[in-house]
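What follows is a single structure, written as structure tokens, with notes after it.
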Amino acid sequence: MSPRPGFVLEVDRSTPPTLFWHGERFRLEKLPEGSRVIYAPEPLDPLTDPQAAIRHALQHPLGDRDPLPALLFPGMRLTIAFDDLSLPLPPMERPDIRQMVIEQVLDMAAEAGVDDVELIVALALHRRMTEPELRHALGDRIYDAFAPNGLLTQHDAEDPDALVHLGLTDHGEDVEINKRAAESDLLVYVNINLVAMDGGHKSVATGLASYRSLRHHHNPQTMQRSRSFMDQHHSELHTANWRMGRLIADSGVKVFQIETTLNNDTFPPAFDFLQKREWEWGVRDRMAFLGASKALDRTPARYARQLFHTVKSPHRMTSVQAGEVEAVHAVTTAHVWEQQGVVVEGQTDILTMGLPYISPYNVNSILNPILVACLGLGYFFNMYRGKPLVREGGVVIMSHPTPWEFNPVHHPNYIDFFEQVLSETTDPIEVAKGYEESFATDPWYIHLYRTGHAYHGVHPFYMWYWCAHALQHLGGVIIVGGDPAAVHRLGFRAASTMADALEMATDLVGPSPSLTHVHTPPILMSDVQ
Amino acid sequence: MKALVFERNLPRFAASRVASLLGSGRGAGIGPLQLLDAERPELPSDEWSHLRPLLAGICGSDLSLVDGRSSRYFEDIVSFPFVPGHEVVGVLDDGGTDHAGESLAPGTRAVVEPVLGCAPRHIDPACPECRSGRTGLCEHTAFGQLAPGLQTGFCSDTGGGWSTAGLVAHPTQLHRVPDALSDEDAVMVEPTACAVHAALSGGVAPDDTVAVVGAGTLGLTLVAALHHVVRPDTPCSVLVGAKYPTQRRLAESLGADVVVPPEQLARAVRRQAGSLVLAGRLTGGADVVFDCVGSADSLTQALAMVRPRGRVVVVGMPAKVSLDLAPLWHRELTLVGAYAYGVEPPAGPDGSPRRTFEVAVDLVGEAGLGTLVSATYPLERYEEAVAHAGAAGRRGAVKVAFDLRNRKGRTR
């Protein structure tokens, strides 16, 4: 039986309560009659033989690119860059796609007699990955062959000796990327395209770039003009990256792009109920939900978090394509939409969402309040094509405990951003104007980014800029069950129950508002007509 | 007439110490402090005057006494029984003479500069410190014609402010209160003078980063002193660690640039100074840290956030504390006390140094520091008053004082 497409349910009297993620817990909420609940399409069938599919993609590239074996020759410098731990979410069961793809690239390189091969984690301004995280992504064989010899490195956006400035775009944007990657005879970039934003020219132009380069598009103005940044053709973020990508190509950097898509089978069988439509829950699902809920309610958040971060996703590959960047990305985006797209008729006054424990920036870490805001208003809000799911002046209600809690190793700068910057202003433009440069150039943050496992000093700013479009568009943001102090610091309102939140929302959108809930997991994209 | 009298009574002393475990000021009713009938104290000599208190503040050092937690260091420079109260504004019913030798008419309001240096003790020649105007450092506070006592309010001969019977003041201790100042303003002059002295002895240099640990009365008046007295000539950034919301609001209104909860202060200083962090302390840090608490924790925090060769000024009265001084040695820090008052730069109009109290009188008026008086109580409700003072920050208060003007008192 083929997987069912996405679905928009209209809540009536017989509709069972709707499942909401709530950090490391779940909540069941009875939504008002007439509300809409958007469900993602069911998981697409995975590739039956992913290894063969990868080989085929490498040998039959798209666009103006020769097959990979034809691009490999003895004495060449080959660099393989790959996405960092922010993809996919949650981390996938072994073998990770990166391992499967890179193993085949390395086999072809070996057959061609290529000796000079280096691997680079394209982490941009994200934190450096740990050894276990790298082993998980690449497999032990690759890790042991490359890491001990210094041939597996993590991009360092603050090492002037490891960067090269390729020039300015016609918009005056600096293009500065990893020197080894730029000066190689061939740069192979391995993507995991979890959402439509990922991949394309953004892979190299962002993943291997410096702050000097990134600041041209990672800013509030760009984000406010990206409607949404999940829709490449209406995204200023992508337009800037495409300009940079073309300059990179014109500079002689030869990129062989490999993009992969996943189905949305996100959680292992014990959590099947998460992805099912509630009225289709069987006895086993109800038992699993009750058991998990009760156990999690009794588990301190810290331990529940640790438990969830051990979860590995059964994601399976649905497509792999390789070749020239733009040709590859067009096909990839179509695959992403096929898995995640849902047609929705019209906007809503109130958009509700349950936020999970994880985002791209807190793998094995805490979803701190800034990341809560970014996950809800940056990611979930922007998962649309056409127009936002919620009307201008409408309200977003998010469900998450939003603790005033930070991982001091990964997010030390976030603590200062939260304490110092957001206490002064929550306006992204003012935030950028008043504080960005001092955080970006802070020697302590640079030290921690380069030598520890901390995100770059400017990263919390980017998370806040990710919210800029939503903050400009919305009339209010309410967090159900959030720590009031943390929620207020974000500039939002805290509600203890969904009923309270709905009542508060009516103050902003008027009585009898329309309500739409985005049911996650799995993630979905709304095509709002 | 009544006075609160502090007697040497070891069992009561022990009882108050135990009671203070429940919270500062909780032992007032069972400790060595008692409300007794009192007579007007005798004038030690003709040049002294009687002062009838109008308002008398409760200071942190008073609370330490009531809690039985003050250092034994002070045992020989106080004399029992004494009437506490050294933050005093009162009326000279019989007139008198002030510190500058000017005659004060009967009914004049005055504040007391409580230090009992060589002049009130009729010691001639005066010690070097008193001769140079630094009376707070007098070498003779246990000698001369008065019983031992570092200040009025700790001496059995002078009386103190916590009394309707009044106290006696030497001319060198008296400062006329300008008509523009309310009684509430005036009672803030003494703690403000301490803050002024600390601010000016901190060695703040232009463009320094200055951290203030604690935002009780001393911390807040220190912020005001830095803003109004130091900053006009010496621009600097002032960062304050304040525990309670009211304190944070007040610190901001008094001129602090950055106000954060105490646990965030080191991070704010690090950001300001562009420092790195090593083993929980800043490698750079603030140029000057004012510790307005005086506890082991606050001193440790101060030492961890001051730059190498920086200066930690101890403003809050400490007692016996346990402290790791390795950073002091390794980073060549200066740890310096700031007690009471004397004479200060900036120079007066004629170029001469001004008495700290004169600077403080101006500052209290300029910054409106009388608003820091949050609650007043009649003497009879001294247990409540002391308990309120002990929990001032938590209860949204700053300065708690006794109101000796035949009023029932007020709280806000």
Side-chain angles (χ1 to χ4, degrees), chain A residues 127 158 211 368-370 403-425 430-461 464 483-490, chain B residues 207 209-213 215 223 236-287 301 304-308 310 331 394 396:
Chain A
R127 73 168 174 89
E158 289 293 341
Y211 168 64
N368 63 53
I370 297 161
W404 188 310
E405 202 178 345
F406 296 82
N407 183 315
V409 175
H410 298 161
H411 304 120
N413 44 348
Y414 279 64
I415 301 172
D416 292 343
F417 180 85
F418 195 65
E419 290 175 354
Q420 185 188 346
V421 179
L422 291 187
S423 65
E424 296 291 328
T425 177
E430 293 301 313
V431 162
K433 214 187 297 174
Y435 300 94
E436 180 185 308
E437 191 180 347
S438 72
F439 272 66
T441 57
D442 189 311
W444 177 234
Y445 300 149
I446 290 173
H447 172 78
L448 294 176
Y449 161 77
R450 297 191 65 188
T451 64
H453 295 283
Y455 284 81
H456 190 276
V458 80
H459 201 260
F461 289 77
W464 200 248
D483 170 37
V487 172
H488 293 152
R489 176 58 59 88
L490 293 169
Chain B
D207 302 322
T209 295
V210 176
V212 179
V213 179
V223 170
C236 58
S237 299
V238 178
L239 295 84
V240 180
K243 195 169 181 181
Y244 300 103
T246 303
Q247 294 176 339
R248 291 198 278 275
R249 182 177 54 76
L250 288 167
E252 265 176 20
S253 70
L254 290 171
D257 297 301
V258 176
V259 184
V260 295
E263 67 276 10
Q264 298 180 14
L265 183 58
R267 286 197 289 272
V269 168
R270 193 209 66 74
R271 286 273 310 129
Q272 177 81 24
S275 164
L276 307 184
V277 183
L278 187 65
R281 64 172 188 279
L282 306 188
T283 57
D287 300 284
Q301 189 186 14
M305 69 170 78
V306 69
R307 66 163 168 81
R331 291 150 63 80
R394 188 161 45 81

Heavy-atom contact with chain A under 4.5 Å, split by part of Thr283(B): neither
Val260(B) portion near chain A, given a 4.5 angstrom heavy-atom threshold: neither
Answer with side chain, backbone, both or neither: which region of [X] has an atom nearer than 4.5 Å to a non-hydrogen atom of chain B?
{"X": "Gln420(A)", "value": "side chain"}
{"X": "Thr441(A)", "value": "neither"}
{"X": "Ile415(A)", "value": "side chain"}

Gly274(B) to Pro443(A) - nearest heavy-atom pair and separation: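 Minimum heavy-atom separation between Gly274(B) and Pro443(A): O-CG, 3.6 Å.
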Heavy-atom closest pair, residues Trp444(A) and Val277(B): CH2-O, 3.0 Å
For Glu430(A), all residues meeting salt bridge (Lys or Arg N to Asp or Glu O under 4.0 Å), sequence neighbours excluded: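 So Glu430(A) forms a salt bridge (Lys or Arg N to Asp or Glu O under 4.0 Å) with Lys433(A).
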Atom CD of Glu437(A) with >12 non-hydrogen neighbours under 6.0 angstrom: no
Residues in side chain to side chain donor-acceptor pair (under 3.5 Å) contact with Ser253(B), at least two apart in sequence or another chain: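 Per chain and number, Ser253(B) pairs via side chain to side chain donor-acceptor pair (under 3.5 Å) with no residue.
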Residues which pass ring-ring contact (aromatic ring centres under 6.0 Å, His included) with Phe439(A), listed by chain and number, not counting sequence neighbours: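 Checked Phe439(A) against ring-ring contact (aromatic ring centres under 6.0 Å, His included); matches are Tyr445(A), Phe461(A).
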Those residues of residues 452-460 of chain A, ordered by number, that approach chain B below 4.5 Å (heavy atom to heavy atom):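 From residues 452-460 of chain A, none sit under 4.5 Å of chain B.
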Approximate separation, where rounding is to 0.5 Å, of Gln264(B) CD and Ser423(A) OG: 8.0 Å
Ser438(A) and Arg271(B), any side-chain heavy atoms less than 4.5 Å apart: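 With C-beta onward as the side chain, the pair touches.
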